[in-house]
2 protein chains.
Amino acid sequence: MGDVTVAENIDAGRATLLRFVERFALVLRESGMQPMPARVFAYALADDADRYTAAELAEGLQVSPAAISGAVRQLVQIGFLVREREPGTRSDLYVLDDAHLWTRFVTAEVQALQRFQDVVAAGIEQLGAGRPGGRRLVETREFLAFLHEVLADAVVRWPEERERRRRG
Amino acid sequence: MGDVTVAENIDAGRATLLRFVERFALVLRESGMQPMPARVFAYALADDADRYTAAELAEGLQVSPAAISGAVRQLVQIGFLVREREPGTRSDLYVLDDAHLWTRFVTAEVQALQRFQDVVAAGIEQLGAGRPGGRRLVETREFLAFLHEVLADAVVRWPEERERRRRG
DNA sequence: AATGAACTTCACACTTTCGTGAATCGTCTG
DNA sequence: CAGACGATTCACGAAAGTGTGAAGTTCATT
């Protein structure tokens, strides 16, 4: 390690972690997630703790408690984080539910797909299905329904797939 | 239709169409697409023409040609629109390739998933797979690989599914 | 060559979004 | 019940994103 002190190595590790968090969050943002929730999620995933207090997240990400508050609220609502409270403590604990984490991810995708379908269905109703544009909308609806099935199937299959991959 | 003139009905139809376009574009934006590309795509899908000139898109959406220019470029790059040129004409024609349209959509999703995997893989390399956080990243990578397979399979199956749904 | 039409590029103004800091609220502890 | 700690809300300033108008470029036609 040469002349690098332990403290500097820790800092270097933190910096590497934060760079990864930022990159990962960027990809999540491209999928529609907001910046701060994306960062918090990436951080909670990649850092080593099992549970995080809001203060830890703020300190670790170098952002204000206010930013954490809004981010975790959304993440809890989506189901990416679970809020816990240790008896005799005043601070909330946030933990990402390993077992069902990616199941929840797909579930969220499926719900987004549902909103998609609703909008298209309403459009078909209002604009008519007979016109050329309407026919395209009908096909769109069918495709979305298909994709819906595919993802719903995937979320069911993931647990066993997970197990299978753990060995092979 | 009472005392409503034909012209007013046309306008009403246009207004209904544009409202739908805006709603549909909003959902697309929530999935990460930029506003103007989302509008152009929604418009080209829902309106009745098979091919559109840039001028038609600008007129139909009530936006500037400059906005169309940027939007179609991105849409062509993704593969949602195909640029054509009628011999003896000066204007480009944009057509959405009905047959492979939603195939391209999933293909784009798969590519996004690939970027996801790349970022996570790089993170595992830099941060290590032995730590608790690293183990979560490894599982994330496995899940993304699984989802990748699922979507790749879906894109292959869609054409026959499409045919099957067209009858049943 | 020159004209003109369509497409593109670019700087700007406008809007929206984002994170912070301060104040407020609620709740547990001593 | 007082004190305090943590979480939340809100207004504000900064930053990013978005579409327009005008200038520039390309290319077919005359």
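Every chain is numbered from 1, with letters handed out A, B, ... down the list of sequences.
Here D:dG6 is the nucleotide among D:dG6, C:dA6, D:dT9 with the atom lying nearest to any side-chain atom of A:S91.
Between the C1' atom of C:dA6 and the CD atom of B:E56 lies a distance of 13 Å, rounded to the nearest Å. Taking atom CD of residue B:E86 and atom C1' of nucleotide C:dC7, one finds them 18 Å apart after rounding to whole Å. Rounded to an integer number of Å, the gap from CG of A:L93 to P of D:dG6 is 12 Å. A straight line from CD of B:E84 to C1' of C:dA6 spans 17 Å, rounded to a whole angstrom.
The ring of A:Y52 has its center no closer than 6.0 angstrom to the ring center of A:Y94. If you look at B:F24 and A:F116, their ring centroids are closer than 6.0 Å.
A salt bridge does not link B:D118 with A:R23: every distance from a Lys NZ or Arg NE/NH1/NH2 to an Asp or Glu carboxylate oxygen is 4.0 Å or more. Comment: B:E160 does not engage B:R164 in a salt bridge, judged by the lack of any side-chain N to carboxylate O separation of less than 4.0 angstrom. Salt bridge A:R135/A:E139: absent, no basic N to carboxylate O contact under 4.0 Å.
Side-chain N or O atoms of B:R39 include none that pairs as donor or acceptor with a backbone N or O of B:A71 at under 3.5 Å.
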List the steps, then state whether side-chain contact (heavy atoms from CB on, under 4.5 Å) holds for B:E30 with A:R115. CA-CA 11 Å; B:E30 286 171 1; A:R115 284 196 299 276; 3.8 Å; yes

Going 5' to 3' through nucleotides 15-30 of chain C, assign each nucleotide B (protein heavy atom under 4.0 Å from a base atom), S (under 4.0 Å only from sugar-phosphate atoms) or - (no protein heavy atom that close). ---SSBB------BS-

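What you find for B:L137 and B:V120 is that their closest heavy atoms are O-CG1, 3.5 Å.
Of all the residues in residues 70-83 of chain B, not one reaches under 4.0 Å from DNA chain D with any non-hydrogen atom.
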